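Side-chain atoms are counted along with the backbone in the values below, which use heavy atoms only and exclude waters and symmetry mates. We're numbering straight along the sequence, starting at 1. Predicted, not measured: the structure shown is a model, and the values here were computed from it.
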Amino acid sequence: MAEIPIPAIGRMRRRLVLEAPVATPDGLGGATQSFAAVGALWAQLEWLSGVEQWREGRPEQLARYRVTLRWRGDVDAGRRLRDGERIFDIRTVADSDGSRRRLVCLVEEVKP
């Protein structure tokens, strides 16, 4: 397996907001899911690939990115990152060298 290069601190120029899911009771015995901001962080965003796929009878553009950021213990799949109006769903998170210095996240941005 190839080692992922660790970017210099100066390449982490994007200010992203980490968001966590929050379940809110809907009054009918169920819950609606929304997201709340957990914190802001600096990251490097690198485009990896993109595809167009059909979902629910309409085309969607799916873009995959690699996001590198300083290590945090609260980043995991199921959370998301926000860059203004852009939303990136976190799919995987790895501390590639085990040093707890950097996290590498593979994320997807869906554009309807």
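- The side-chain hydrogen bond (donor to acceptor under 3.5 Å, both in side chains) check on Arg72 picks up Asp74, with sequence neighbours excluded.
- Cluster annotation: Ile87 and Val107 are assigned to distinct hydrophobic clusters (Ile/Leu/Val/Met/Phe/Trp/Tyr, side-chain heavy-atom contacts under 4.5 Å, transitive).
- For the atom pair SG (Cys105) and CG (Leu45), the distance works out to 11.0 Å, reported to the nearest 0.5 Å.
- Applying the side chain to side chain contact (heavy atoms under 4.5 Å, CB included) test to Ser34 and every residue at least two apart in sequence or in another chain returns Val22, Thr24.
- Hydrophobic cluster membership of Leu48, counting Ile, Leu, Val, Met, Phe, Trp and Tyr whose side-chain heavy atoms lie under 4.5 Å apart directly or via other members: Leu106.
- Smallest separation of non-hydrogen atoms from Leu81 and Ile90: CG-CD1, 4.1 Å.
- Listed by chain and number, the hydrophobic cluster partners of Phe35 come to none, as no ILVMFWY side chain reaches under 4.5 Å of it.
- At a threshold of 4.5 Å between side-chain heavy atoms, the hydrophobic network of Ile, Leu, Val, Met, Phe, Trp and Tyr places Val17 and Trp42 in two separate groups.
- Listed by chain and residue number, Val38, Arg79 satisfy the side chain to side chain contact (heavy atoms under 4.5 Å, CB included) test with Ala20 (two or more places apart in sequence, or in another chain).
- Taking every heavy atom of both residues into account, Ala43 and Leu16 meet most closely at CB-CD1, 3.7 Å.
- The minimum heavy-atom distance linking Thr68 with Arg102 is given by the pair CG2-CD, 4.3 Å.
- In plain terms, the two heavy atoms of Arg70 and Met12 that are nearest each other are N-SD, 4.2 Å.
- Atom OG1 of Thr92 is separated from atom CD of Glu108 by 9.5 Å, given to the nearest 0.5 angstrom.
- For Glu19, the salt bridge (Lys or Arg N to Asp or Glu O under 4.0 Å) partners are Arg80, Arg82, not counting sequence neighbours.
- Under the 4.5 Å side-chain contact rule for hydrophobic residues, Trp54 and Leu62 do not share a cluster.
- Under the ring-ring contact (aromatic ring centres under 6.0 Å, His included) criterion, the residue pairs touching residues 74-107 are Tyr65-Phe88, with sequence neighbours excluded.
- A search for salt bridge (Lys or Arg N to Asp or Glu O under 4.0 Å) contacts involving Arg15 returns nothing, not counting sequence neighbours.
- A continuous path of ILVMFWY side-chain contacts below 4.5 Å connects Leu103 to Leu41, so both sit in one hydrophobic cluster.
- Residue Val104 is not grouped with residue Leu69 when hydrophobic side chains (ILVMFWY) are merged at heavy-atom distances under 4.5 angstrom, including chains of intermediate members.
- By the side chain to side chain contact (heavy atoms under 4.5 Å, CB included) test, Glu52 is found to be paired with Pro59, Gln61, residues two or more places apart in sequence or in another chain being considered.
- Applying the salt bridge (Lys or Arg N to Asp or Glu O under 4.0 Å) rule to Asp83 yields the partners Arg14; only residues at least two apart in sequence or on another chain are considered.
- Heavy atoms of other residues, nucleotides or ligands lying less than 6.0 angstrom from CZ of Arg100 number 12 at most.
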